[in-house]
Amino acid sequence: MANIRVVATEPFEGQKPGTSGLRKRVTVFQQPRYLENFVQSVFDSLEGFAGATLVVGGDGRFHNREAVQTILKMAAANGFGRILVGRGGLLSTPAASCVIRGRRAYGGIILSASHNPGGPEGDFGIKYNIGNGGPAPERVTDAVFARTQSIREYRTLDAPDLDLERLGTQRFGGAEVEVIDPVADYRDLMARLFDFAAIRAAFAGGLRLRYDAMHAVTGPYAKAIVEDELGAPAGTVVNGTPLPDFGGHHPDPNLVHAKALFDEMMGPDAPDLGAASDGDGDRNLIIGRGVFVTPSDSLAILAANMHLAPGYRGGPKGIARSMPTSRAADQVAERLGVPCYETPTGWKFFGTLLDAGLATICGEESAGTGSDHVREKDGLWAVLLWLNILAARRQPVLGIVREHWRAHGRNHYARHDYEEVDAEAANGLMSALRGQLGALPGRRFGVHEVTTADDFAYTDPVDGSVSERQGVRIGFADGSRVVYRLSGTGTAGATLRVYIERFEPDPDRQGEDTQTALAGLAAVADELAGIRARTGRAEPDVVT
Ligand code: VG1
Ligand code: CO
């Protein structure tokens, strides 16, 4: 039997989980004891898991396999009874959530830096998910961080690496490790939610999809479900092989990094639906023939149409969106007569609402959409729901989007990202904004008059926990809005995100180009916060 070894260690600085787990450069994670310290701190912060089940998997990026081996040994040495790991160490984030829930595991460890670039010079990440399948709430991540600052030793198993390619159960110290098919549980869940027969018939009738998996983890899932199960022609899924460096690209499904898909969808022979997902498979990009659907609009349209899918016949019981996400979903909630919740950025805040049955569908402006089927956002799920809706409505995406705007109004929306800004300058900008909140209402910037200004604080309606300083919101007299916050997922400097939104109820003016529609407000956003003056940046790096 393999021996348990207790190894002396010392704390590392800065092992503080951000919006979604701990994310650092690969080179940081490669330091001896760095990963071990964090994993042991997670285990030290949990109780009552002796003999219980842990799920482990990641998005396949560089360092994934090594990290999985380390975690398996530590989980066995710390007393877990059973560890489920995806073949090859792979599990998309939503599939991990699905496995944790479906197999009633105690929790799970997901290895991912999501949309951040991979490879030896890229980023790596780790997060812990609780038994409901969702990201650990702040109470847990705070405890983990505290532990990382006092840790003195970790436990591991003296054992050779496990064969991660062989499906089935192997004995490992005092535990059993089962290597599972990473796709199977997830595919079964999707088949229960959606009308696969109708989608199959639509593909057979000529519906065309282009799915760009960006050489990230969703490739095997999309091929198994969209091509093998639903009969879309081979080649529908492109870049479908997960690569440790994502082929040298950012696995970020936005108009910058998925430009080839965008160009194809705007071209003369465009498919009906274009989609892409990110490194760990929890984000989705939706582009119809000739029309980009903003993630905020996609959330609203999915909420308004989800009753067309068998798993959601009654429509949503409630809708939740992160604060910076546009208010398009609020208009749907109002029409349906269901509540709409506004949460801080990050999926961890949706968990309590979903568990309590208060919300059925949730979304973020950052291309994240999901429902109560798991406790993570789910990229492929969103694509399948769109396919289900297209199969049921037999209309092009553009027609569906325009009808939606006519019925609910259009929320012009854009996010401007200023990346790797000097951290001091970014913090200075935010504190200066916070300092003038009281003085802003009543001030005019050209035609725009400020009516509200605050720093978003959230009280969870289920467990009463409070999260403060979640982003500065400025509201204007015509209902427009600008939001400022700093990213919690970056690994170098600071990233300033500026979210700009303007409501357009008039159908005759809804066709206007978004950048044109938002140009005035964008200038106000700059002036109000002094972006150019404080960061030296004249233009955002990325507009999504
Ligand atoms: C970003 C997004 C946020 C998302 C988070 C994790 O966070 O804005 O909406 O939940 O990434 O998504 P931030 O703090 O950088 O703005 V993923 O797909 O990176 O796990
Ligand atoms: Co992601």
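Counting convention: from 1, in listed order, for ligands and their atoms alike. As the structure is a prediction and not an experimental result, all values here were calculated from the model. When a residue number appears, it is its place in the shown sequence, counting from 1.
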**Prompt:** Parallel under 30°, tilted from 30 to 60°, perpendicular over 60°: which one fits the rings of Tyr312 and Phe194?
**Reply:** tilted
**Prompt:** Hey, what do you get for CD1 (Ile500) to OG (Ser480), rounding to the nearest 0.5 Å?
**Reply:** 10.5 Å
**Asked** Taking just the N, O or S atoms of Asp278, which one is nearest to the Co ion (ligand 2)?
**Response** OD2
**Message:** Does any part of the side chain of Pro94, heavy atoms only, come nearer than 4.5 Å to the side chain of Tyr186, both counted from C-beta?
**Reply:** yes
**Prompt:** Do the side chain of Asp252 and the main chain of His115 share a donor and acceptor less than 3.5 angstrom apart?
**Reply:** no
**Request:** Kindly assign one of parallel, tilted or perpendicular to the pair His373 and Trp381, based on the angle between their ring planes and the thresholds 30° and 60°.
**Result:** parallel
**Asked** Taking the side chain from Arg321 and the backbone from Glu364, do they hold a donor-acceptor pair closer than 3.5 Å?
**Response** no
**Item:** Near ligand 1, at a heavy-atom separation below 4.0 Å: residues by chain and residue number
**Value:** Thr19, Ser20, Arg23, Ser114, His115, Asp278, Asp282, Arg283, Thr345, Gly346, Glu364, Glu365, Ser366, Lys377, Arg415, Arg485, Ser487, Gly488, Thr489, Arg497
**Message:** Using 2.8 Å as the threshold, say whether any N, O or S atom from Ser112 sits that close to the Co ion (ligand 2).
**Reply:** no
**Message:** Could you work out, with salt bridge (charged side-chain N to carboxylate O under 4.0 Å, His left out) as the rule, every residue matching Arg65, not counting sequence neighbours?
**Reply:** Glu165
**Closest Asp282 atom to the Co ion (ligand 2) [N, O or S only]** = OD1
**Message:** For the Co ion (ligand 2), give me the closest N/O/S atom belonging to Asp280, just the atom name.
**Reply:** OD1
**Request:** Evaluate the ring planes of Tyr458 and Phe456, with Trp represented by its six-membered ring, and classify them as parallel (under 30°), tilted (30 to 60°) or perpendicular (over 60°).
**Result:** tilted
